[in-house]
Amino acid sequence: GAKSNDLLVVTGDIGSAYMGLQVLEREKQVFQVNPNNQPDLDAYTYIIERQLKPEARKDIRTLLHALEVKPTSMIDISDGLVQDLGHILTASKVGAQVELSQLPVDPVLQTLPEATRWQYALAGGDDYELCFTISSHNYQKLLDLQPEVRTTVIGNIQSESNLNFTLNGRVQSLQLH
């Protein structure tokens, strides 16, 4: 149901669960080398919890209904934003433009190099946030969810059926793996 000029929105932050997995994998390797080493994971509590205790966003449907906002499409981000957004685009026979500077990431991810941060946010899975599209005339209503629920407009739907990434309006070429 996504249509050209719809806004592309995500809830919460993305990429945290994947980074949590990376931290756990790193600490496992350290432990295997030195089992007496006790990791200090305090700085990573949030992202590790995102990996170990994922929670589905069951609240969003009710909140959007109360605001009389009907998404034109919606999917959970379990396989990574690019893959799950791809399902929306394929089913709707449209494309999208994603502005990389708008990707909502946890401050811990902000410390990563840009390419790594984008990789985690775009291709990392298990966040269980939502990706949805709404008509642009519902933008102000979407703002009414703040600060109760963090939603971020990360781009828009386009009529041509491809996925483009921009950074500050300039088209970017990304290699996601």
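Across Leu122, Thr111, Val105, a single residue satisfies side-chain contact (heavy atoms from CB on, under 4.5 Å) together with Arg117, and that is Val105. Screening Val82, Leu103, Val10 for a side-chain contact (heavy atoms from CB on, under 4.5 Å) with Val98, the sole residue that qualifies is Leu103.
Taking CD1 of Ile154 as the start and CG of Leu85 as the end, the distance is 7.0 Å to the nearest 0.5 Å.
Heavy-atom neighbours of Tyr46 OH from other residues, nucleotides or ligands within 6.0 Å: above the threshold of 12. The environment of Arg61 atom CZ is sparse: at most 12 non-hydrogen atoms of other residues, nucleotides or ligands sit within 6.0 angstrom. More than 12 non-hydrogen atoms from other residues, nucleotides or ligands lie less than 6.0 angstrom from CD of Gln110.
Using a 3.5 Å distance cut-off with no hydrogens or angles, the side chains of Thr72 and Thr133 do pair a donor with an acceptor. Checking Gln97 against Thr166 by side-chain atom types alone, a donor-acceptor pair falls below 3.5 Å.
Note on residues 125-140: pairs passing salt bridge (Lys or Arg N to Asp or Glu O under 4.0 Å), not counting sequence neighbours, are Arg50-Asp127, Arg50-Glu129, Arg57-Glu129.
Looking only at distances, no side-chain donor or acceptor of Thr90 sits under 3.5 Å from a matching main-chain atom of His87. For Lys3 (side chain) and Gly1 (main-chain N/O), a donor-acceptor pair under 3.5 Å exists by modelled atom type. Using modelled atom types, no side-chain atom of Ser101 and backbone atom of Leu167 make a donor-acceptor pair closer than 3.5 Å.
Taking the side-chain hydrogen bond (donor to acceptor under 3.5 Å, both in side chains) definition, one finds that Ser92 meets it with nothing, sequence neighbours left out. Under the rule for a ring pair (Phe, Tyr, Trp, His ring centres under 6.0 Å), the partners of Tyr120 that lie at least two apart in sequence or sit in another chain are Tyr18.
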Which is it for Ser16 and Asp13 under the side-chain hydrogen bond (donor to acceptor under 3.5 Å, both in side chains) test, yes or no, and what are the steps along the way? CA-CA 7 Å; Ser16 296; Asp13 59 67; 2.7 Å; yes
